[in-house]
Amino acid sequence: MFRPLVRAWRRYLELLEERPLVTKAVTAGVIGAAGDVLAQRITKPEHQAFVWDKQRTVRLGLYGLLVGAPLTHGWYKVLDKRLGAGMDMATSAKKVAADQIFAAAPFTCMFFACNSYMEGLSTKDVKERIERNLWPTLKANWAVWPAFLIFNFRYVPLKLRVLTVNILGLGWGTYLSLVQHREHSHTNVAPHLPDPFPQAEALPTLYPPGAVSEK
């Protein structure tokens, strides 16, 4: 029963060795697209048929494929080169601190900018979207990512770190898609996450109560 899954996993690990960047990019693209589909499902009005915005999903998938994965792949290599490849707690903590100080805000701005330009927004509109969404998104990031990144740097080999980020990124990508497309906004993301839409109509929660234990 599990043999096909084991074979697929072994082949995936082989591809990470043979073509690491391409494999990580394709994985990120698929997960980014899946996160957007989930976001569209969450924001579907009750008693209405689901209408899939395929172009929006393609945009999110392309971002993961062409921008998100290459950025993360390169950034993790920089962290290992500058701070050491060790997986002890001290080195892992330094990497998390560096990631949150130097990468969190720029990478978040890159996400909003790339997707907004792909939507056809003007530079002025892109700037306004970033200014409106950056701070609440960073607060959500700090509620979720640091603890996970400690685990990632402490226990996960370099070649698998982008994959583990992508796995958590399914939920995070859903959240980002909701923020990016705030015309589908909601007010109850979760008690532990900042609300990026304080004036909007309430929609179902992305994270159930208690899903995120620390802020």
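The two residues Ile130 and Ala113 come nearest to each other via the heavy atoms CD1-CB, 4.1 Å. Across all non-hydrogen atoms, the minimal contact from Pro70 to Gly64 is CD-O, 4.1 Å.
Counting heavy atoms from C-beta outward, Pro45 and Gln48 have side chains that approach closer than 4.5 Å. Under the 4.5 Å side-chain criterion, counting only non-hydrogen atoms from C-beta, Val67 is in contact with Met110. Inter-residue side-chain proximity for Val165 and Asn152 is flagged as met; some heavy-atom pair is nearer than 4.5 Å. Under the 4.5 Å side-chain criterion, counting only non-hydrogen atoms from C-beta, Leu134 is not in contact with Phe111.
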Side chain to side chain contact (heavy atoms under 4.5 Å, CB included) between Val96 and Phe153, intermediate numbers included: CA-CA 8 Å; Val96 172; Phe153 290 126; 3.7 Å; yes
Chi angles and distances behind the side chain to side chain contact (heavy atoms under 4.5 Å, CB included) call for Thr57, Gln40: CA-CA 9 Å; Thr57 300; Gln40 292 189 44; 3.2 Å; yes
Verdict with reasoning, Thr27 to Val162, per side chain to side chain contact (heavy atoms under 4.5 Å, CB included): CA-CA 9 Å; Thr27 303; Val162 175; over 6 Å; no
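Ion pairing of Asp80 with Arg161 is present here, as a side-chain N (NZ or NE/NH1/NH2) and a carboxylate O approach within less than 4.0 Å. Between Glu119 and Arg129 a salt bridge is recorded (basic side-chain N to carboxylate O distance below 4.0 Å). Under 4.0 Å is where a charged nitrogen must lie from a carboxylate oxygen, and between Asp88 and Arg154 no such pair does.
Sorted by first and then second residue, the pairs that involve residues 61-76 and meet side chain to side chain donor-acceptor pair (under 3.5 Å), not counting sequence neighbours, are Lys24-His73, Trp75-Asp99.
Taking CG from Leu60 and SG from Cys114, the interatomic distance works out to 11.5 Å, rounded to the nearest 0.5 Å. Remark: Phe107 CZ to Leu138 CG distance equals 13.0 Å, nearest 0.5 Å. Rounded to the nearest 0.5 angstrom, Thr23 OG1 and Glu14 CD are separated by 10.5 Å. Interatomic distance, Glu18 CD to Arg11 CZ, rounded to the nearest 0.5 Å: 4.5 Å. Interatomic distance, Leu168 CG to Ile31 CD1, rounded to the nearest 0.5 Å: 10.0 Å. To the nearest 0.5 angstrom, Leu5 atom CG is 12.0 Å from Arg10 atom CZ.
The hydrophobic clustering, which links ILVMFWY residues whose side-chain heavy atoms are closer than 4.5 Å, places Leu15 and Leu158 apart. Follow the hydrophobic side-chain contacts under 4.5 Å out from Leu21 and you never reach Val78; the two are in separate clusters. Under a hydrophobic-cluster definition in which Ile, Leu, Val, Met, Phe, Trp and Tyr are linked whenever side-chain heavy atoms come within less than 4.5 Å, directly or via other members, Ile150 and Met87 are assigned to different clusters. Placement of Phe148 and Ile101 within a single hydrophobic cluster is found when ILVMFWY residues are connected by side-chain heavy-atom separations under 4.5 Å, directly or transitively.
Counting side-chain heavy-atom gaps under 4.5 Å among Ile, Leu, Val, Met, Phe, Trp and Tyr, the cluster of Phe50 also holds Val37, Trp52. Side-chain contacts under 4.5 Å among hydrophobic residues (ILVMFWY), followed directly or transitively, place Leu163 together with Trp9, Tyr12, Leu13, Leu16, Phe151, Tyr155, Val156, Leu160, Ile167.
A distance-only check finds no donor-acceptor pair linking the side chain of Lys139 to the backbone of Ala143 [under 3.5 Å].
Between the side chains of Trp145 and Gln100, no donor N or O sits under 3.5 Å from an acceptor N or O.
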